[in-house]
Participant: 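Shown below is the structure under consideration.
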2 protein chains.
Amino acid sequence: MPAIEREITRFQDFLSRQGQKLTQERTSLVREIFSTHYHFEADELLFKMKQKSVKISRATVYRTLELLVKSGLVRRVHLGEEHYHYEHVRGDSHHDHLVCTACGSVIEFNDPELEQRQLDICARKKFTPTFHNLQILGVCDSCHRKGEQPASPDRVMTIGEGAMKLRK
Amino acid sequence: MPAIEREITRFQDFLSRQGQKLTQERTSLVREIFSTHYHFEADELLFKMKQKSVKISRATVYRTLELLVKSGLVRRVHLGEEHYHYEHVRGDSHHDHLVCTACGSVIEFNDPELEQRQLDICARKKFTPTFHNLQILGVCDSCHRKGEQPASPDRVMTIGEGAMKLRK
DNA sequence: ATGATGTTGAGACTGAGTCTCAGGTGCGGA
DNA sequence: TCCGCACCTGAGACTCAGTCTCAACATCAT
């Protein structure tokens with residue numbers, strides 16, 4: 001899959017610019033992230049690697065994610081839960097998220113007018129924005145049709161449900 | 001200060017509607033929250049109570065915050081850090097936040113046009129929103145004038161800096 | 001006074017993430 | 001080719017925010 005190779009090259013460029021190396025571990029993490037996951041949690045990634053019998057420690061997963069975020073290949077997002085989620089960036093533009101509190105699905109959207117409005121607000125407040133984070137929680141169409149009730153804002157279903165956590 | 005008494009009454013009403021009681025501990029927490037804090041962290045509140053020699057356990061602080069959130073007197077917000085912050089709601093309308101990554105200050109704003117635009121997006125995606133959360137990170141005017149550099153998005157200064165954490 | 005129900009504090013526990021450190025890896029230069 | 005050094009890794013201890021448990025306490029209606 002040439003697309004993934006391109007991401008790996010981009011990561012390597014980023015690393016070598018700061019005297020860091022593209023190791024076996026980092027390569028397999030990038031490969032995993034860009035091949036199967038979209039929105040994922042750090043521990044979920046760790047678990048997947050374990051499943052595939054690729055031995056990578058928790059520390060390396062976190063360290064690599066930090067590098068990927070710095071390199072711009074991966075974005076760190078809040079989706080209404082305590083901890084972070086990550087998503088890969090494939091050169092596509094910025095977007096925000098609608099998160100279904102019933103089934104955990106995530107819908108992305110990008111609305112230039114909304115973005116512009118935010119810039120206007122910042123200008124009005126003499127604030128220099130670097131970054132923003134918007135999640136809208138609610139119920140998606142298919143859950144709504146099933147009559148799902150919205151969960152209360154502080155009780156949101158886990159996104160990466162599938163990933164049974166196993167430590168050690 | 002009569003305003004605080006009004007909030008306490010509102011909380012009591014909420015509690016008694018579900019057969020719960022307004023205890024001494026709960027009262028003093030509400031008093032503390034509504035008198036001095038605006039955006040605060042749970043542990044910061046615990047620390048303040050300790051400073052004032054009001055003995056309240058960690059568990060009670062968290063339990064009371066949960067009740068306050070449910071009652072609508074307090075809102076739980078993400079301000080770009082791992083953990084939650086809380087803010088009291090004084091009958092004022094919904095707002096979002098500009099968070100300065102240099103000095104940690106928080107500017108609130110409420111922009112009906114922005115809110116409306118979000119509703120439009122949800123309608124377009126057939127999504128039923130219940131709640132949303134927008135933080136814009138960046139540098140505030142006074143920090144900008146001091147030539148402060150924006151921190152990277154994943155390294156944000158603590159909002160409640162003052163509160164030295166001391167456990168136990 | 002009794003019992004039912006609700007509340008509390010202490011401290012054990014959890015889950016996500018960070019840090020440390022000894023050992024491993026790999027590349028540039030002699 | 002070999003060496004040295006900077007970089008990288010895994011294991012596990014640690015931290016921090018938040019939750020849970022449980023025994024003791026408070027309150028209220030009967």
Side-chain angles (χ1 to χ4, degrees), chain A residues 11-12 14-30 40-47 49-50 53-69 76-86 154-156 158-161 163-168, chain B residues 11-12 14-30 40-47 49-50 53-69 76-86 154-156 158-161 163-168:
Chain A
F11 191 36
Q12 182 160 35
F14 168 82
L15 288 171
S16 64
R17 269 200 302 281
Q18 25 210 98
Q20 288 176 295
K21 291 160 197 162
L22 181 68
T23 61
Q24 211 47 57
E25 288 81 0
R26 290 176 183 176
T27 309
S28 52
L29 283 170
V30 173
F40 62 94
E41 310 175 17
D43 262 21
E44 198 182 334
L45 180 57
L46 182 62
F47 179 71
M49 301 311 280
K50 212 165 266 168
S53 314
V54 181
K55 280 201 66 188
I56 292 192
S57 73
R58 163 183 313 281
T60 299
V61 167
Y62 279 100
R63 282 188 288 235
T64 305
L65 281 172
E66 199 185 327
L67 288 170
L68 283 165
V69 169
R76 214 179 179 194
V77 289
H78 268 302
L79 293 178
E81 285 184 78
E82 309 283 307
H83 54 280
Y84 283 110
H85 285 83
Y86 297 86
D154 55 293
R155 243 326 79 223
V156 178
T158 304
I159 309 290
E161 290 260 315
M164 255 184 60
K165 311 293 158 52
L166 46 89
R167 284 221 145 198
K168 180 171 303 175
Chain B
F11 191 36
Q12 182 160 35
F14 167 82
L15 288 172
S16 63
R17 269 200 303 281
Q18 25 209 98
Q20 287 178 294
K21 291 161 196 161
L22 181 69
T23 61
Q24 210 46 57
E25 288 81 0
R26 291 177 182 172
T27 308
S28 52
L29 284 170
V30 173
F40 62 93
E41 311 175 17
D43 261 21
E44 199 183 333
L45 179 59
L46 182 61
F47 179 71
M49 300 311 280
K50 212 165 266 167
S53 314
V54 181
K55 281 201 65 187
I56 292 193
S57 73
R58 163 182 313 280
T60 299
V61 167
Y62 279 100
R63 282 187 289 236
T64 305
L65 281 172
E66 200 186 326
L67 288 169
L68 283 165
V69 168
R76 216 178 176 194
V77 289
H78 268 302
L79 294 177
E81 285 185 76
E82 310 283 305
H83 53 279
Y84 285 110
H85 286 81
Y86 296 86
D154 55 293
R155 242 330 76 223
V156 178
T158 303
I159 309 290
E161 290 261 313
M164 255 183 61
K165 312 290 158 55
L166 46 89
R167 283 219 145 198
K168 179 170 305 173

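These values consider heavy atoms only, across backbone and side chains, with no hydrogens, waters or symmetry-generated copies. What you are looking at is a predicted structure, and each value in this text was computed from that prediction instead of being measured. In what follows, chains are A, B, ... by sequence order, proteins preceding strands, each numbered from 1.
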Participant: For the residue pair A:Y84 and A:Y86, does the interplanar ring angle fall in the parallel (under 30°), tilted (30 to 60°) or perpendicular (over 60°) class?
Facilitator: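 Tilted.
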Participant: Among C:dG9, D:dG18, C:dT7, which is the nearest nucleotide to the side chain of B:R63?
Facilitator: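 Selected nucleotide: C:dG9.
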Participant: Of the nucleotides D:dG10, C:dG17, C:dG9, which has the atom closest to the B:I56 side chain?
Facilitator: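 So the side chain of B:I56 is nearest to C:dG9.
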Participant: For B:R26, report the nucleic acid contact type (base, sugar-phosphate, nothing); a contact means any heavy atom under 4.0 Å.
Facilitator: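 It contacts sugar-phosphate atoms only.
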Participant: Among D:dT19, C:dG17, D:dG10, find the nucleotide with the atom closest to the side chain of A:A42.
Facilitator: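 Of D:dT19, C:dG17, D:dG10, C:dG17 is nearest to the side chain of A:A42.
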Participant: Side chain of B:E41: nearest nucleotide among C:dT7, D:dA17, C:dT18?
Facilitator: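 From the listed options, D:dA17 comes nearest.
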Participant: For B:K21 and for B:Y86, find the nucleotide of DNA chain D with the closest heavy atom, then tell me which residue's nucleotide is more 5'.
Facilitator: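 Mapping each residue to its closest nucleotide by heavy atoms, the 5'-most match is B:Y86.
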Participant: Checking contacts here: which listed nucleotide (D:dA17, C:dA10, D:dG10) is nearest the side-chain heavy atoms of B:S57?
Facilitator: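 Side chain of B:S57 sits closest to C:dA10.
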Participant: For the side chain of B:R58, starting at C-beta, report the closest nucleotide among C:dA16, C:dT5, D:dG18.
Facilitator: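 The answer is D:dG18, which lies nearest to the side chain.
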Participant: Mind listing the closest non-hydrogen atom pair of A:V61 and A:A42 along with its distance?
Facilitator: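 For A:V61 versus A:A42, the nearest heavy atoms are CG1-O, 3.9 Å.
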Participant: Which nucleotide wins on minimum distance to the side chain of A:A59, given the candidates C:dT5, C:dG9, C:dC19?
Facilitator: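 Nucleotide nearest to A:A59's side chain: C:dC19.
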Participant: For the pair B:T64 and B:E25, evaluate side-chain contact (heavy atoms from CB on, under 4.5 Å) and give the outcome as yes or no after the intermediate values.
Facilitator: CA-CA 9 Å; B:T64 305; B:E25 288 81 0; 5.9 Å; no
Participant: Take atom CD of A:E25 and atom C1' of D:dT9, then tell me their distance rounded to the nearest Å.
Facilitator: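 Atom CD in A:E25 sits about 6 Å away from atom C1' in D:dT9.
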Participant: Using side-chain heavy atoms (C-beta onward) and a distance below 4.5 Å, is A:R26 in contact with A:Q20?
Facilitator: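 Answer yes - side chains close enough.
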